[in-house]
Amino acid sequence: MLRLPEFQVHQPATLEDAVRLHTTLPDARYLAGGTDLLPNLKHELDRPQHLIALGGVSGLVGVEEIDGGALRVGALTPLQDVADSAIVRARVPALAEAAGLVAGPQHRRMGTLGGNVMLDTRCLYYNQTFEWRTALGFCLKRDGDWCHVIDSPKRCVAAQSSDTVPVLVAVDAVVEFMTAEGPHALPVGELYQQDGRVDRMHNVPPGALLTAVRVPNLPDGLRSTYRKVRTRDAVDFPQLAIAITAALDPADGRTIRSLCVVIGAMLPKPKRFDLRAFVGRPLDDATIEAIAQEIHARTAPQTNLHGDPEWRRHMARVETTRGLRALRDA
Ligand SMILES: Cc1cc2nc3c(=O)[nH]c(=O)nc-3n(C[C@H](O)[C@H](O)[C@H](O)COP(=O)(O)OP(=O)(O)OC[C@H]3O[C@@H](n4cnc5c(N)ncnc54)[C@H](O)[C@@H]3O)c2cc1C
Ligand code: SF4
């Protein structure tokens, strides 16, 4: 049986106290729902002496409409609340779909949107017991100096594996943080780095506390969907996560005005595809086939997650086709 190691839990009541506490305890980790952090501690993937529990910090829960159509979701909002939110379902259906596909019902009640955005990267050679990793000789992500996936000491290509993030990237969401220097905001697409190591994967200073996710006012008629590739339709992380948004010309209901595909669960940074060449074309079967072919050609899954990389690449084409057809027929 895997046991939790010993650590001290701190329970600040305000945002400022939480961030200040982190500056005095640099090895501390923030604890939100704990659905990822605690299993990882059991696997000894991390060994913090202190956890800063965010549950008592006020003002971090809820979905609100701001600026006449934009959305602001507090970082501690449970994923199930995001999935059930009438405003989210109306404005960004793909975000509700993605939140509703994370893990299982208990995880979604405890797990938060903030924890999903700040999720540790995952890899077959890393998400293992301490004994397993000892036998391997560890790896570059922690305690070792070699990446077994790319067979190089250069960088860690563990996958950013959260369901909601590709959708947030596709709709140009902004993430708001509180840091020791004050509030800080950046586009969610810029939060992730090309290196999946713990101290390098996020482009924010150590101790930055995610406070909210802001989704801008989206253009009228923007359609969105989320497709999750996994072996079983059960409690499983994505093996590929595909978010698609498209706006069609209201005059004819078929000409593409904007198009975005983002693939997650592939590398440390979600991949956003440049599909401007398809704008102006009708979203018919031929165009859908061409877009799916383009995604397939530019997708390169690694051996970092379960599932043969060629199968995952093939599924990128299949799910892009299904997603685009669903948007066209919506
Ligand atoms: C069996 C199982 C299956 C799972 N399947 C999926 C899945 O299919 N898809 C998926 O996306 N996830 C999955 N997860 C992971 C997890 O349940 C979710 O990602 C969840 O959203 C994590 O949120 P949390 O609040 O529990 O985060 P925690 O576990 O509390 O934290 C996760 C990380 O984020 C940091 N963090 C949390 N909140 C903040 C904040 N506000 N500011 C700064 N840092 C913060 C923590 O320090 C920690 O490093 C699974 C987990 C398990 C155990
Ligand atoms: S991608 Fe490489 S360095 Fe990163 S966790 Fe996997 S084996 Fe380790």
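Order of appearance sets the numbers: ligands from 1, and atoms from 1 within every ligand.
- The ligand atoms of ligand 1 that sit less than 4.0 angstrom from a heavy atom of Leu209 are 41 (N), 42 (N).
- Geometric assessment of Lys141 against the ring of Tyr126 yields a positive cation-pi assignment under the 6.0 Å and 45° thresholds.
- Here the protein heavy atom with the shortest distance to atom 17 (O) of ligand 1 is Thr35 OG1, 2.7 Å.
- Only protein N, O or S atoms were considered, and those under 2.8 Å from atom 8 (Fe) of ligand 2 are Cys139 SG.
- Considering only non-hydrogen protein atoms, atom 47 (O) of ligand 1 sits nearest to Tyr30 O, 2.6 Å.
- Considering Thr245, Leu283, Leu324, Leu327 as possible partners of Leu259, the one that fulfils the side-chain contact (heavy atoms from CB on, under 4.5 Å) test is Leu324.
- In the candidate list Asn116, Val102, Val198, Asn116 is nearest to atom 19 (O) of ligand 1, counting heavy atoms.
- Of the heavy atoms in Leu79, only side-chain atoms (C-beta onward) come closer than 4.0 Å to ligand 1.
- Looking only at side-chain heavy atoms (C-beta outward), Thr225 and Pro93 stay at 4.5 Å or farther from each other.
- The protein heavy-atom contact nearest to atom 42 (N) of ligand 1 is Leu210 N, 2.9 Å.
- For Phe138 and Phe130, the ring centers are positioned less than 6.0 Å apart.
- Residues His202 and Gln193 fail the side-chain proximity criterion, which asks for heavy atoms closer than 4.5 Å.
- Between His306 and Phe237, the gap from one ring centroid to the other reaches at least 6.0 Å.
- Contact check for Thr255 versus Val279: no side-chain heavy atoms found under the 4.5 Å cut-off.
- Listed by first then second residue, pairs satisfying side chain to side chain donor-acceptor pair (under 3.5 Å) with a partner in residues 209-220 read Glu176-Arg214, not counting sequence neighbours.
- For the pair Pro78 and Thr112, the minimum side-chain heavy-atom distance is 4.5 Å or more.
- Taking a cut-off of under 4.0 Å to the non-hydrogen atoms of Ala32, the atoms of ligand 1 that pass are 25 (O), 30 (O), 37 (C), 38 (N).
- Compare Ala234, Ala98, Ala212, Ala103 by their heavy atoms: the one nearest to atom 7 (C) of ligand 1 is in Ala103.
- Judged purely by atom type and a 3.5 angstrom limit, Asn116 uses its side chain to pair as donor or acceptor with the backbone of Thr164.
- No side-chain heavy atom of Asp145 sits under 4.5 Å from any side-chain heavy atom of Pro153.
- Among Leu37, Leu113, Thr164, the residue whose heavy atom lies nearest to atom 29 (O) of ligand 1 is Leu37.
- Of the protein's heavy atoms, Phe237 CZ, 3.1 Å lies nearest to atom 14 (N) of ligand 1.
- Checked by atom type and distance alone, the side chain of Arg155 pairs as donor or acceptor with a backbone atom of Gln194 at under 3.5 Å.
- When non-hydrogen atoms are compared, ligand 1 lies under 4.0 Å from the backbone of Met118 as well as from its side chain.
- Geometrically, ligand 1 and Val235 share no nitrogen or oxygen pair separated by less than 3.5 Å.
- Counting heavy atoms under 4.0 Å from ligand 1, residue Leu54 touches it through the side chain alone.
- Shown in contact with Gly111 at under 4.0 Å from a heavy atom are these atoms of ligand 1, numbered in order with element: 23 (O), 24 (P), 25 (O), 26 (O).
- Of the protein's heavy atoms, Gly115 CA, 3.4 Å lies nearest to atom 27 (O) of ligand 1.
- Atoms of ligand 1 found under 4.0 Å from any heavy atom of Gly33 (numbered from 1 in listed order, with element): 24 (P), 25 (O), 26 (O), 30 (O).
- The shortest separation from a heavy atom of Ala208 to ligand 1 is under 4.0 Å, placing the residue in contact.
- Here's the thing with Gly34: one of its N/O atoms is less than 3.5 angstrom from an N/O atom of ligand 1.
- Using 4.0 Å as the threshold, Asp120 has no heavy atom nearer than that to any atom of ligand 1.
- Proximity of Leu191 to Val204: side-chain heavy atoms (C-beta onward) are separated by under 4.5 Å at one or more points.
- Under the 4.5 Å side-chain heavy-atom criterion for grouping Ile, Leu, Val, Met, Phe, Trp and Tyr, Leu209 is not connected to Leu186 through any hydrophobic cluster.
- Counting heavy atoms closer than 4.0 Å to ligand 1, residue Leu76 contributes nothing at all.
- With ring centers used as reference points, His50 lies under 6.0 Å from His10.
- Taking a cutoff of 4.0 Å between a charged side-chain nitrogen and a carboxylate oxygen, Asp143 and Arg47 qualify as a salt bridge.
- Near Asp163, with a cut-off below 4.0 Å to any heavy atom, the atoms of ligand 1 are 7 (C), 8 (O), 9 (N), 10 (C), 11 (O).
- With salt bridges taken as basic N to acidic carboxylate O contacts below 4.0 Å, none links Arg254 and Asp249.
- Contact annotation for Lys228 and ligand 1: only side-chain heavy atoms (C-beta onward) come within less than 4.0 Å of the ligand.
- Closest protein heavy atom to atom 2 (C) of ligand 1: His107 NE2, 3.8 Å.
- In the vicinity of Asp236, heavy-atom distances shorter than 4.0 Å reach the ligand 1 atoms 7 (C), 8 (O).
- Annotation: Arg109, atom CZ; neighbour count of heavy atoms from other residues, nucleotides and ligands within 6.0 Å does not exceed 12.
- Counting the atoms of ligand 1 from 1 in the order shown, those under 4.0 Å from a heavy atom of Thr112 are 21 (O), 23 (O), 24 (P), 25 (O).
- Heavy-atom proximity to Ser162, at under 4.0 Å, picks out these atoms of ligand 1: 11 (O).
- A donor-acceptor contact shorter than 3.5 Å links the side chain of Arg272 to the backbone of Val169.
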